[in-house]
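Written below as structure tokens is the structure these notes are about.
Positions are given from 1, in the same order as the sequence printed here. If you're wondering where the values come from, they're calculated on a predicted model, not measured in any experiment.
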Amino acid sequence: MPPFKLRPITDSKNFSLDASSVAGFFGGEEAITAMATVHLYRGRRWLGWYNSPGSYTIAKDFGRISKSRLWGGLFPGPNHDPVVAFKLDVKTGPKYVASRSGTVMQQTGHFAYLLTQGMDDLTLVPLPATRITTNSRIFVVAVPEITYENLPLQTMSRHHAFIASFPILVSFSTCIFSALSADWYCFAMILLGIISSGVTCFIISSGALGIETVKKPAEGSPPGDGILLTQNGVIILKGKEKDVNAITKGKFSLQLKGAPEYTVVGLCSLLLEVQFLLQLLLIPQGSLFGQIMFLTSVVASWAYNSFLASLDKEKLQWKLFCDTI
């Protein structure tokens with residue numbers, strides 16, 4: 001038997017990592033979940049300049065926000081409202097009974113859900129018991145006067161900003177290393193990934209986040225005092241009708257650019273699809289070193305997207321809700 005001889009991978013002209021298919025599908029769900037935080041942090045729009053993976057998955061999901069025959073053909077499926085696409089209005093609250101007007105709502109809005117979830121973190125004060133029975137929790141919420149101005153978005157901490165710089169530095173570094181090694185295919189594809197991700201993040205996060213509710217109730221309406229019936233207690237709401245409406249009927253509103261068809265969102269999704277197709281064709285033409293650089297930028301970006309996806313979006317919404325209402 002002839003001796004078995006191993007050749008170094010770097011000497012193999014036929015070896016390919018096939019990183020292009022990985023970039024299009026790998027990490028798509030994490031990237032979509034990470035993109036849902038862009039409206040909850042001030043300044044987040046400037047931190048999307050990295051070669052994010054999952055371009056095909058992102059394009060298919062956000063492309064359904066656009067509403068026209070052209071975008072419906074490119075991105076088939078039911079259209080998503082922006083607040084639903086970014087998980088800002090996907091929950092329903094408990095039953096509400098108004099003590100003055102007698103209004104009964106079998107289910108309330110997203111803000112009522114956030115209120116019930118936020119009550120779980122409060123310190124309870126036990127009352128003297130006269131007999132042994134099932135414990136029930138009673139909360140009293142005095143709803144203040146609500147001014148519907150710009151929402152006080154939370155500023156990203158230095159810790160988060162430092163972590164956000166990691167995929168940006170890795171993406172630009174691998175792009176430069178690819179250029180220095182004269183691998184223009186991988187250089188162009190990393191640069192295209194940086195541009196498409198940064199432009200998409202900037203455009204999508206430029207939307208105006210607000211509150212949608214019944215701001216002007218009927219004249220002569222009684223105070224909006226009432227109770228929310230939760231599974232293990234009640235929440236007593238006290239305040240004016242228009243202010244209580246913000247909790248029982250309110251939800252986040254998101255006005256993106258290009259409404260109502262959201263053409264600019266469709267263009268961003270089309271850019272992401274073009275990126276996926278070009279990476280599928282050109283990355284295999286690059287050298288092994290260039291493919292490793294491309295894959296390194298994708299993995300670093302995936303790690304950052306996974307970090308953003310691990311953040312509790314409901315807690316961020318709860319803090320924004322408390323600061324506003």
Side-chain angles (χ1 to χ4, degrees), residues 36-42 81-84 86-128 134-155 207-255 311-325:
T37 64
V38 296
H39 304 102
L40 302 177
Y41 279 118
R42 183 181 292 110
D81 192 83
V83 291
V84 176
F86 293 101
K87 308 297 188 294
L88 295 172
D89 182 32
V90 294
K91 303 290 186 178
T92 57
K95 181 179 180 180
Y96 172 74
V97 179
S99 59
R100 300 294 186 92
S101 64
T103 301
V104 177
M105 300 174 60
Q106 295 298 327
Q107 66 180 29
T108 47
H110 188 70
F111 284 169
Y113 167 80
L114 293 178
L115 181 63
T116 58
Q117 297 301 306
M119 292 301 177
D120 294 336
D121 298 331
L122 298 180
T123 302
L124 301 179
V125 179
L127 299 177
T134 303
N135 292 330
S136 296
R137 301 189 299 177
I138 301 176
F139 301 94
V140 180
V141 179
V143 185
E145 185 83 14
I146 300 174
T147 57
Y148 298 96
E149 300 175 353
N150 293 333
L151 299 185
L153 298 182
Q154 180 180 352
T155 303
L209 187 64
I211 295 177
E212 181 180 332
T213 183
V214 181
K215 300 178 181 179
K216 293 183 179 180
E219 293 185 4
S221 298
D225 301 347
I227 58 174
L228 291 170
L229 303 176
T230 63
Q231 292 182 351
N232 53 0
V234 297
I235 300 176
I236 302 174
L237 302 179
K238 297 176 64 66
K240 297 181 180 179
E241 177 74 11
K242 71 177 186 67
D243 299 324
V244 174
N245 281 342
I247 296 178
T248 58
K249 303 177 182 179
K251 61 181 180 179
F252 287 115
S253 63
L254 183 59
Q255 192 69 23
L311 299 177
D312 192 339
K313 264 68 69 180
E314 288 186 359
K315 281 193 174 181
L316 295 175
Q317 294 177 21
W318 162 250
K319 186 179 186 308
L320 181 59
F321 169 77
C322 289
D323 293 343
T324 305
I325 296 180

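Between the CD1 atom in I235 and the CG atom in L115 there is a gap of 4.5 Å [rounded to 0.5 Å]. For the atom pair L40 CG and K313 NZ, the distance stands at 9.0 Å (nearest 0.5 Å). The distance from atom CG of L114 to atom CD of Q317, rounded to the nearest 0.5 Å, is 5.5 Å. Note: N245 CG to I211 CD1 = 12.5 Å, rounded to the nearest 0.5 Å.
Partners of K91 by salt bridge (charged side-chain N to carboxylate O under 4.0 Å, His left out), not counting sequence neighbours: none found. For K249, there are no salt bridge (charged side-chain N to carboxylate O under 4.0 Å, His left out) partners at least two apart in sequence or on another chain. The side chain to side chain contact (heavy atoms under 4.5 Å, CB included) test applied to T108 returns P94, Y96, M105, A112, L228, T248, not counting sequence neighbours. Qualifying side chain to side chain donor-acceptor pair (under 3.5 Å) partners for E314, counting only residues two or more places apart in sequence or in other chains: Y113. By the side chain to side chain donor-acceptor pair (under 3.5 Å) test, S99 is found to be paired with no residue, residues two or more places apart in sequence or in another chain being considered.
When side chains are defined from C-beta on, F252 does not count as touching H39, because their heavy atoms never get closer than 4.5 Å. At least one side-chain heavy atom of K238 sits under 4.5 Å from a side-chain heavy atom of V140. D81 is not listed as a side-chain neighbour of D89, based on a closest heavy-atom distance of 4.5 Å or more. E145 has its side chain within reach of K242: a pair of non-hydrogen atoms, C-beta onward, lies under 4.5 Å apart.
Scanning both residues, V244 and L237, for their nearest heavy atoms gives CG1-CD1, 4.0 Å.
Residue pairs meeting the salt bridge (charged side-chain N to carboxylate O under 4.0 Å, His left out) criterion with at least one member in residues 92-109, sequence neighbours excluded: R100-D225.
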